[in-house]
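Read through the structure below, which is laid out as structure tokens, and then see the notes.
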Amino acid sequence: MTKPPLTLHLAAPRGFCAGVDRAIKIVEMALKKWGAPVYVRHEIVHNKFVVDALRDQGAVFVEELDDCPDDRPVIFSAHGVPKTVPAEAARREMIYVDATCPLVSKVHIEAERHHEAGLQIIMIGHAGHPETVGTMGQLPQGEVLLVETEADVPGLQVRDETRLAFVTQTTLSVDDTKGIVAALQARFPAIIGPHKEDICYATTNRQEAVKAMAGKIDAMLVVGAPNSSNSRRLVEVAAKNGCGYAQLVQRADDIDWRALEGIRSIGITAGASAPEVLVSEVIDALKARFDVTVEVVETAQENVEFKVPRVLRVPA
Ligand code: 10D
Ligand code: SF4
């Protein structure tokens with residue numbers, strides 16, 4: 001039987017960012033340096049495949065420091081942690097390595113700097129997400145107010161309208177965030193913030209690549225996990241920019257083939273925490289059912305790399 005033709009638009013950049021790459025390396029190098037088990041507080045990055053592979057090598061994933069013994073190393077996930085976490089690890093004299101992405105740490109420092117200058121902070125982010133919890137947890141309770149949508153802005157109760165700054169989660173929708181920032185600036189003209197926002201290069205580039213193809217494709221598959229903020233944003237970006245069907249898939253098994261019946265073109269991308277092997281798996285599954293022609297849609301080139309912490313670069 002002949003297979004129907006399908007043009008596959010492959011987004012570039014897609015998949016692993018520099019912060020994810022570094023965080024995974026940190027766990028692998030810690031296992032080499034100290035042997036198993038090494039504890040990891042929270043999923044190192046939001047991807048089950050990555051977590052399972054590290055677990056197989058001897059990593060033990062827990063949600064809280066209380067679930068770690070004093071005498072084994074612990075690694076903090078790429079999303080960042082509230083200040084109380086390293087403080088408690090130090091009090092317990094634990095070996096700990098912070099795998100917080102340097103671009104998340106930069107936001108932590110920004111928030112602290114504004115606080116030291118006497119400003120109250122408004123954080124644009126998703127309630128309960130570990131990065132938001134970590135960034136808000138850099139400052140005492142009440143010093144950071146959370147805004148999730150434009151609709152939250154009118155209800156904000158601030159200490160002093162003239163002494164405010166904003167910071168953002170790194171993985172937000174670039175377009176939605178512009179709207180929230182504009183609403184904040186309209187209500188608080190004196191508010192200060194980063195030059196644009198704190199959304200990172202990887203988030204921005206992945207969203208741009210999706211935008212470049214969204215209007216030309218019948219469907220879009222985003223490889224990523226349901227708890228991955230940046231991956232979920234890619235599904236929304238595709239839908240908002242003209243793609244009639246966008247689905248988040250963890251791997252090929254999740255593809256809803258009935259929804260793809262009759263399509264002639266498809267876009268494929270992957271969140272910053274999704275490994276390329278899973279993208280290949282999805283492409284292979286499409287190739288089994290369609291006569292696929294691949295077209296790469298490249299909107300940016302990335303060459304960002306972050307060093308692992310020094311403790312892992314020196315011999316034990
Ligand atoms: O949920 P998320 O997009 O923040 O995290 P994920 O682990 O999926 O991707 C890496 C992004 C990080 C660590 C936050 F900057
Ligand atoms: Fe860092 Fe951006 Fe990757 Fe988050 S998505 S880990 S901020 S590079």
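Note that ligands are numbered from 1 as they come in the structure, with each ligand's atoms numbered from 1 the same way.
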Got a list of side-chain donor-acceptor pairs under 3.5 Å for residues 171-182, not counting sequence neighbours?
residue : atom : partner : partner atom : Å
T171    : OG1  : Q169    : NE2          : 3.4
T171    : OG1  : S229    : OG           : 2.9
S173    : OG   : D175    : N            : 3.4
S173    : OG   : D176    : N            : 2.9
D175    : OD1  : K211    : NZ           : 3.2
D175    : OD2  : K211    : NZ           : 2.8
D176    : OD1  : K240    : NZ           : 2.9
D176    : OD2  : K240    : NZ           : 3.1
T177    : OG1  : S173    : O            : 2.6

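Taking a cut-off of under 4.0 Å to the non-hydrogen atoms of Y201, the atoms of ligand 2 that pass are 8 (S).
Contact shell of ligand 1 (protein heavy atoms, cutoff 4.0 Å): V20, V45, H46, A78, H79, V104, H129, E131, T170, T171, N227, S228, S229, N230, S273.
Protein N/O/S atoms closer than 2.8 Å to atom 3 (Fe) of ligand 2, listed by chain and residue number, are C17 SG.
Ion pairing between E88 and R91 holds under the 4.0 Å rule for side-chain N and carboxylate O. In summary, K48 and E43 do not engage in a salt bridge, as defined by a charged side-chain N under 4.0 Å from a carboxylate O. Of the charged side-chain nitrogens involved, none lies within less than 4.0 Å of a carboxylate oxygen, so that E63 and R41 do not count as a salt-bridged pair.
Taking 4.5 Å as the limit, every side-chain heavy atom of R163 sits out of range of all side-chain heavy atoms of Q120.
Heavy-atom contacts from other residues, nucleotides or ligands closer than 6.0 Å to CZ of R187 number more than 12. More than 12 heavy atoms of other shown residues, nucleotides or ligands fall within 6.0 angstrom of atom CZ in R22.
By the 6.0 Å and 45° rule, R289 stacks over the aromatic ring of W257.
Side-chain contacts under 4.5 Å among hydrophobic residues (ILVMFWY), followed directly or transitively, place I109 with no other residue at all.
Only one option out of L10, D218, V282, L260 pairs with I266 in a side-chain contact (heavy atoms from CB on, under 4.5 Å); it is L260.
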